[in-house]
Each structure stands twice: as structure tokens, then as C-alpha cells.
Amino acid sequence: MASIFEEVGALVAEAVAALETDGTLAPGHGVTPVIEPPRDPAHGDLATNAALALAKAAGMPPRQLASLLAMTLARAPQVERAEVAGPGFLNLVLAPAAWEAQLRAVLAAGDSYGRVPTRAAGLPVNVEYVSANPTGPMHVGHCRGAVVGDALANLLEFAGHRVTREYYVNDAGAQVDTLARSVHLRYRQALGDAIGAIPDGLYPGDYLVPVGEALAAEFGDRFRASPEAEWLPLFRGRAVAAMMDLIRADLATLGIRHDIFTSEAELHARGAPAAAEARLRAAGLVYDGTLPPPKGELMEDWEPVVLPLFRSTAFGDDVDRPIRKSDGSWTYFGADMAYHAEKAARSSALIDIWGADHSGTVKRIEAAVAALTGGEVPFDVKLVQMVRIFRGGEPVRMSKRAGNFVTLADVVEEVGPDVTRFMMLTKRPESPLDFDYVRAVEQSRENPVFYVHYAHARIRSVERRAEGLALAEAAPLDRLDEAERGLIKIMAQWPRVVEQAAAAREPHRVAFYLHDLASAFHALWNRGNDDPALRILVDDPDLASARLALARGCGHVLRAGLSIMGVTAAEELR
RNA sequence: GACCCCGUAGCUCAACCGGAUAGAGCGCCUGCCUUCUAAGCAGGGGGUUGCGUGUUCGAGUCACGCCGGGGUCGCCA
């Protein structure tokens, strides 16, 4: 069944078409009227700007056009009243039966209410998220991008897209060589060498100790004193594999699993950057040139050098960007460019979730994708701002260099995956987030996780209690009152929330919507505290079954939303 | 210097491709527990949406310019 917005949208479209038929309105105006719930409930259940948007095409004042539309719309059985308001808005009050039908649709669809059937045609949407460097366990800073990316992938699937969840493994370059050297030190340590303090520039974390021990057990002292060239590739491979195991285990604690891990090293091995360079050279977008000296802090060692440059300035970037270094090896950007070209070839759209510290590189990669796909594949980079972690208002320090950083595992262990995921989605990603261990587990209205769980637990409690009662089979939903229909109206917005959150790539909107829905449910529930006749399970079996159906429907929507967020719906809170 | 993000109630934040009188929570004030879980609910007070100009029937939302906070800048990763 169509959502209430689609249903009313169709009615409005019919009314507009009727005006075209009788010549009031010339066809071909290209206007799609917006149907939305008005902010002010006095403006009815739904409002449309159709007359405002079409006034120019009709050559008629908006209010006059609106009253023509109102006359047609008022004849529809779903519409109780159609009123012209303000500059030419058309406010619609729907008949109670229309809302009862919406509740029946929710109950029929169950937890799938609002889900769009998967579109089989075309390539999947690619969401790349986490992509943390394989040099250690995940820290809390990675956590937000991980949750936002995963929830976004869930949301897009719910909205009918096929989705590929992808992780780009930066297993090439200097940092993984550093990792390998750090592991070699731990390997010597495992063989009994006194290694002393970990030198500056190497990774100090204890998590490398077992990696060194495993290598010692397997290879004995074969690489103890041998030249670096003999062990570096081997140690690098083992270290990266071990780090990726750590990272996958961290992600698993949050229920996150990627479909594809793409290796930067393999990308180089199959010559992808060179292929991308050739295409861009042919298009005149890569040339050999010299960069101007960097602005900002003074760079004493800077010297002009001729390098292959990507013409990102043609796409709004400040300067052109080198794709290879003076020694001929690829820059990070050179590989990343090729990687995105490969992803674009197998995707209908690309979405990257990045930490805000990479904001400076967005333009060049957007430029590269536009250049390599001819603008055919939409590409969005969503920047996620940093997380600051607190305990009872006191900042908790983290420092990856010192090796004593707050890990993702620390957070999940302390507050659990559900709270972690929910909290990461309680703000727009582009706002910095303060995460407080104490407040995150607080059981109060102030805590949105708890608040939504509490609503669901109340519904489950009533459902359990109702199991032993003899209630009417088919709930007579016309017994519901105005306030109860108000809850249906909020539930009926769910398909639209899904559609718009998916289009905007903003999973946090689901969290906010669930909070609103839970709030409406709590309000209804509490009427029963003031007046026992307003409780759900009253003596009248017809009325009880109708109210139970309402609560059940609300439970379905709460579970649908929580499943997108990747949060378990609590059965009870004790 | 340049680029990116942010600026909305005392605080933390919303505001659905631009829509009508900008909404929640916290804190403050006033009510509601022999309960279907009061871990909650109802009501009250609180705003020049940082400033300005422009586009529009209509701007917190779009454009441009300022101001303020944060982040970034490299042949790094």
C-alpha cells in the first residue's frame, strides 16, 4: 500500500490533471507539488503548495487556484475537509477512516513497513566507510564513521537500493613499512633481545607483541639480524593481516561487516594507477608541471620539481595535485584516484564516509571521479566530525602515538553496542559529538537510547499481558479517538522519513524520528495514568483490541527504525 | 594566506529537494504515582536563527560579502 503522502499526492495530481483537461491550466508546467505535514496541526493533516507553485503557469492568483483544487479534492473519500489558507496553501484534513487504513497497512507490513522493495536493475550503491589504516586497533574516532556508514548502508537497503559495503585497506606506503619495522622489533623481543624503549617513529602499542611472537614461533631467528630487505615484505604482509583481523574483530563487536576489502597494494600490483593516468593524460587532465610552494607554515626544504599533476584546478581545487612522487612511486592520491575509478565502474553511485581531518582532500578526489567517469556516477563524500570522549564531564585523553588511546573496543565493552551505535547517530555527522560514558548509560529521559527502548519495552509489556486475554479478532479501529489517531499520523510519516533520509544520506534522521515517535507513544500511555479508562487493555474487548493494534503498529515502526540504526529493540528494561 | 565544517532559547541539539506562528531535551516554575513500568506525562516562561545585501509569492534553509569557533594544507598517509 502506498504511503499517505503518495496516496494524497496522487489525489492532488488528479485534481491538477482535471484543471489541465478543462483548460484552466496549460500542460507542460513541469511542477510537482509538495505534500507535507504542516508544522502547525491547525493547518490540517497534510498540506500542499500546489496552487502556489502552479499559479504562474495558470495565470491565476494562488488562492483562486487553490479553491478550484479544493473543490475537487473535497470529493475524495479520504478527504474530510480541504481548506485554502495563507497565501494559497491547501490544507487537507483526512477522514478518520483514511488513518485507520494507514494503521492496517502498518500492521500488514509489520517490521517491513516503510521498506521499499529492492530494485534489481542496475549496479549497487557503494558505501565506503571505516577504511582505517591497518596499523592498529580501531580507536573511538573511527567509531563514528563506522556507525554512520553502516547505518547509512542499512538505510539505503531499506529504501530499496542494493548496497556494497566497502573498506579500502591502505596496505601500501611508508606507514605499513613502519608497521613492519615495529613488528620486527617485537619479533626480536620475542626471541629474547632486549629492545629497550620503542624508538620514536615506530608504533609502540602492545597489540604488536603477539604478532612478533607468532613470527618468532614460525621462523625462529632466521630474520633476527638479516638485512631489512629480506624480511620487510614478509613482515609487512603478516602485520597488515594481523591488524586487519584486529579491526574486523572490533567492527564485529558493533555488528559491522563489509562486503569487500580492497587492497591498495593489489591495486598497484594490477597497474590501476597507471591505467587511470593514461586515460587522464589522453584527456589532457594530467600534465607534467611544477607546483607552487605551499602556503601556510614556512617550508625550508621545499624545492620546485617537475611532477605529473592532475588538473584538479579545472574542478575548483586550489592547486593541481601530484599523482606520482619524484622517485616515480605513486602518491596516496594517485592510487586513490584509480581506486575510485574502479569502484565507479561497478557502482551506480559512490558514497565515502571520511573523518573531517581529510576535508582538504575532498575536492581533488571529487574532481578525479568527475574526470574519470565523465560525471556519470554521482559521488558524495560525507565528512564525519570528531568524537570527544568524557566520563562524567571529564575529558578522557587519547593519543594514538602514545599507544594508550581509547579504543573502540573499550567503548563497546563499557556501554554495549546498542548504546554506542545509537549515541553516534544522535547528532548530524558534521557536528562534533561529545560522548560521555556516564550519560550514555543513564536511564532517563535525557538519554535518547533509553527513551526509545522504554517505549518499545512498554509496548512489548502490553503485548505480553494481552496474550492471556480474550480480545476481538478484527480490531475495530474506528473506536480509536483523536489522540490515538495522532499517533497513527506520526507512524504514517515513516515511509517519507526513510525516503528523505536515504536521499539526503542522513541516517541520523531516523534516530530523531524514533525519538518523536517514542515521545508520542509515552504521551498516549500516560493518559492511562490519569484516567484508567484510557489505558490500552480496558475491559471492553473491542476497544482493547483497537488500542492494542495501535501499540503493535507503533512497535513495528520502532523496530524498523532501530534495525536501520543497527540497534536491538529492548523487550524489557528491568 | 587558501579550503572545508559549524554558528538557532541560559546549555545540548532539531527543523523533511525553500513554506504558514522556528521545535525538542536539560535547567527553572506549576501540577500528576493504592500504575498497564512516574526510568514517565501535562502545563508555563524563555528567540533580532552571528551580521549585512541579494534571489523568491515566501529564506534558519539558496547566492555573495563580512564576523566568530573548529579542522585541514606538503611529493605525508
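Order of the sequence lines sets the chain letters (A, B, ...), proteins ahead of strands, with each chain counted from 1. We use all heavy atoms of the structure for the numbers below, so side chains are in, but hydrogens, waters and symmetry mates are not.
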| message | Checking A:Gln175 against A:Asn133: is there a side-chain donor and acceptor pair closer than 3.5 Å? | response | yes
Is any side-chain nitrogen or oxygen of [X] closer than 4.0 Å to OP1 or OP2 of [N]?
X	N	result
A:Tyr451	B:U37	no
A:Ser431	B:C6	no
A:Arg321	B:G74	yes
A:His508	B:A15	yes
A:Arg527	B:C32	no
A:Arg63	B:C57	no

| task | Could you give me the CA-CA distance, side-chain angles and deciding distance for A:Asn170 and A:Tyr332, then say whether side chain to side chain donor-acceptor pair (under 3.5 Å) is met? | result | CA-CA 9 Å; A:Asn170 298 130; A:Tyr332 184 86; 3.2 Å; yes
[N] [atom2] sits how many Å from [X] [atom1], rounded?
X	N	atom1	atom2	answer
A:Met386	B:C5	CE	P	17 Å
A:Asp327	B:G74	CG	C1'	15 Å
A:Ile459	B:U37	CD1	P	13 Å
A:Asp320	B:C3	CG	P	16 Å
A:Glu430	B:A14	CD	C1'	12 Å
A:Lys325	B:A77	NZ	P	4 Å
A:Arg509	B:C17	CZ	P	7 Å
A:Leu524	B:A42	CG	C1'	13 Å

N/O contacts under 3.5 Å, protein versus nucleotides 60-69 of chain B?
none

Is any N or O donor-acceptor pair between the side chain of [X] and the base of [N] shorter than 3.5 Å?
X	N	value
A:Asn526	B:G40	yes
A:Thr331	B:C75	no
A:Asn91	B:A20	yes

Whole-Å [atom1] distance, [N] and [M]:
N	M	atom1	value
B:G45	B:G10	C1'	13 Å
B:G60	B:C28	P	32 Å
B:G52	B:A14	P	24 Å
B:G47	B:G23	C1'	12 Å

Does the separation of the ring centres of [X] and [Y] fall below 6.0 angstrom?
X	Y	result
A:His456	A:His453	no
A:Phe379	A:His340	yes
A:Tyr339	A:Tyr168	yes

| request: Output all residues satisfying ring-ring contact (aromatic ring centres under 6.0 Å, His included) with A:His522, sequence neighbours left out; order by chain, then residue number. | output: A:Tyr451, A:Tyr454
| message | Using a heavy-atom cut-off of 4.0 Å across all strands, would you classify A:Asn170 as base, sugar-phosphate, or nothing? | response | nothing
| said: Please classify the nucleic acid contact of A:Leu383 as base, sugar-phosphate, or nothing, using heavy-atom distances under 4.0 Å. | reply: sugar-phosphate
Closest to side chain of [X], choosing from [options]:
X	options	result
A:Ala523	B:C5, B:A77, B:A42	B:A42
A:Arg428	B:G19, B:C75, B:C6	B:C6
A:Asp318	B:C75, B:C5, B:A2	B:A2
A:Arg458	B:C75, B:G40, B:C3	B:G40

| field | Glycosidic class, syn or anti, of B:C33 using a 90° window around 0 | value | syn
| request: Could you say whether A:Phe89 or A:His358 is positioned toward the 5' end of RNA chain B, judged by the nucleotide with the nearest heavy atom to each? | output: A:Phe89
| query | Which sits closer to the 5' end of RNA chain B, A:Arg364 or A:Gly173, going by the nucleotide each is nearest to? | reply | A:Arg364
| query | By centroid distance (under 5.5 Å) and plane angle (under 30°), are A:His515 and B:A24 in a stacked arrangement? | reply | no
| Hey, is A:Trp525 stacking on B:G40? Ring centres under 5.5 Å, planes under 30°. | no
| query | Any idea how A:Tyr437 and A:Phe435 line up, ring-wise: parallel (<30°), tilted (30 to 60°), or perpendicular (>60°)? | reply | perpendicular
Return the pairing partner of [N] with a 3.5 Å limit on both distances, Watson-Crick or G-U wobble; otherwise return none.
N	result
B:G54	B:C62
B:C33	none
B:G68	B:C6
B:G1	B:C73
B:C28	B:G44
B:A20	none

| Electrostatic pair A:Arg321-A:Asp317, nearest N-O below 4.0 angstrom | yes
| Sidechain N-carboxylate O distance under 4.0 Å for A:Glu572, A:Arg460 | no
Would you mind writing out the side-chain donor-acceptor pairs for residues 55-70 of chain A within the sub-3.5 Å range, not counting sequence neighbours?
residue : atom : partner : partner atom : Å
A:Arg63 : NH1  : A:Gly86 : O            : 2.6
A:Ser67 : OG   : A:Arg63 : O            : 3.4
A:Ser67 : OG   : A:Gln64 : O            : 2.8

